[in-house]
Amino acid sequence: MGDPFSVAQRLSKLPPYLFAEIDRMKQEAIRRGMDIINLGIGDPDLPTPPHIVKRMQEASADPRHHQYPSYEGMLSFRQAVADWYDKRFGVALDPETEVLSLIGSKEGIGHLPLAFVDSGDIVLVPDPGYPVYQAGTVLADGIPYFMPLTRERAFLPDLEAIPSEVLKKARILFLNYPNNPTAAVAPRAFFVEAVAFARKHQLILCHDAAYSEMAYDGYLPESILAVEGAKDVAIEYHSLSKTYNMTGWRIGFAVGCRKVLSGLGRIKTNLDSGVFQAVQEAAITALSGPQECIEAMRAVYRERRDTLVDGLSALGFAVEKPKATFYVWISVPKGQTSASFASALLSDVGIVMTPGTGFGQHGEGYIRAALTVDVSRIKEAVERIAASNLTPQ
Ligand SMILES: *Cc1c(COP(=O)(O)O)cnc(C)c1O
């Protein structure tokens, strides 16, 4: 009497996708007639810069772009990526072998374990972390090993604390700086350590740099590929999504170690057929055109960040001003858990934030705010919290 629609076991090993659950709670609050301030989701609220949209409009009318694109991306796109990398990070890349287009970096992250992980192999995953590192691992029948990110260690994993039995079976090490959800940044010394560690233990090092351009106060994140010898073991993921407000367009790229990219490319050749060429043309314009839009984006988030962090600090919350990303990682008041505080914020004052535990067990005690609403709404959120009994004092 088997159920013909029972899903495969690997699906039941996945935690419920975090944002689906938040959305359910939010819909319920809206039904109750609440005015919701949504600081829950990391999706830029501002539009794609007009010069990028215009290039897309032109390119989409060109019949040459209406057929299947190449799997690895147009050479002109990969060249634009290599030029940007050289200019931005001082890292030289061969566009033919060291750049791969992705249908958003989430796609490339999620698919990577399929290329390198056999059943029972281990993947080292930050906790708390972007959920896709774990999901991609589980979908490849791999086993995630969670590396705690704690405030005491500035949200950098303690690589030396990973047991040797784990390292023997480990294939991939995922890192992400500037970090989602903690908003932490990594000093160059940590990248040097991580590259040496990956070389020593024969790990594929995957650095997710989705927030490399979203940084403030003169801080500019580096590429892990700038570390000597990194390209022998490491790839780096980038995305146009956050930098140019292009989450809906689905384009990103991976760069670095050619053997890793070639493995990932083989999975992709069998599962997808590349990125719409008009989108690649628009991405070329984004990467090689005027970059003032990035400075404008930083100014918007900086003002929102200061409004939220200064406001919450004044109310007694333990919260640091992030140097990068559009997230603020807030300690919940004593006596609350991440989940209880998230529910109370939503039901008492109509504010959506993401409980830290949605990103892993070590997210307990924290809540994540995304700076993706207008500064006037952030002010209002602070006022609502100030007038509630949800403050730490
Ligand atoms: C938003 C995000 C991404 C991916 O975005 P895409 O739109 O798939 O390119 C990747 N990593 C992290 C940590 C993110 O927050």
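All of these numbers come straight from a predicted model, not from anything done at the bench. For ligands, and for the atoms within them, numbers begin at 1 and follow the listed sequence.
Heavy-atom contacts of Arg250 reach the following atoms of ligand 1: 6 (P), 7 (O), 8 (O) (cutoff under 4.0 Å). Against a heavy-atom cut-off of under 4.0 Å, Ser239 is close to the following atoms of ligand 1: 5 (O), 6 (P), 7 (O), 9 (O). Ligand 1 places these atoms under 4.0 Å from at least one heavy atom of Ser241: 6 (P), 7 (O), 9 (O). Residue Gly104 has at least one heavy-atom neighbour below 4.0 Å for each of these atoms of ligand 1: 8 (O), 9 (O). If you number the atoms of ligand 1 from 1 as listed, the ones under 4.0 Å from a heavy atom of Lys106 come out as 6 (P), 8 (O).
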Worksheet item: Can you list the steps and then say if Ser60 with Phe276 is a side chain to side chain contact (heavy atoms under 4.5 Å, CB included)?
Response: CA-CA 9 Å; Ser60 64; Phe276 181 24; 4.2 Å; yes
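The aromatic rings of His238 and Phe253 lie parallel to each other, with less than 30° between the two planes, well short of the 60° mark. In this structure, Tyr130 and Tyr133 have perpendicular ring planes: the angle between them is above 60°, well past the 30° mark.
Among protein heavy atoms, the minimum distance from atom 5 (O) of ligand 1 is reached at Ser105 OG, 3.6 Å. Looking only at protein heavy atoms, the nearest one to atom 2 (C) of ligand 1 is Lys242 NZ, 2.5 Å.
By the 4.5 Å heavy-atom criterion applied to side chains, Tyr211 and Pro221 are not counted as neighbours. With a 4.5 Å cut-off on side-chain heavy atoms, Val352 and Ile36 count as touching.
Inspection of the Asn38 and Arg377 side chains reveals no N or O donor paired with an N or O acceptor under 3.5 Å. When only modelled atom types and interatomic distance are considered, Thr97 and Asp94 share a side-chain donor-acceptor pair under 3.5 Å.
The shortest separation from a heavy atom of Tyr211 to ligand 1 is under 4.0 Å, placing the residue in contact.
The ring of Phe174 has its center no closer than 6.0 angstrom to the ring center of His207.
Considering backbone and side-chain atoms alike, Asp208 places an N or O below 3.5 Å from some N or O of ligand 1. Distances between N or O atoms of Glu107 and those of ligand 1 include no value under 3.5 Å. By the 3.5 Å distance cut-off applied to N or O atoms, Thr247 is not counted among the residues near ligand 1.
At a heavy-atom distance under 4.0 Å, only side-chain atoms of Asn176, from C-beta outward, approach ligand 1.
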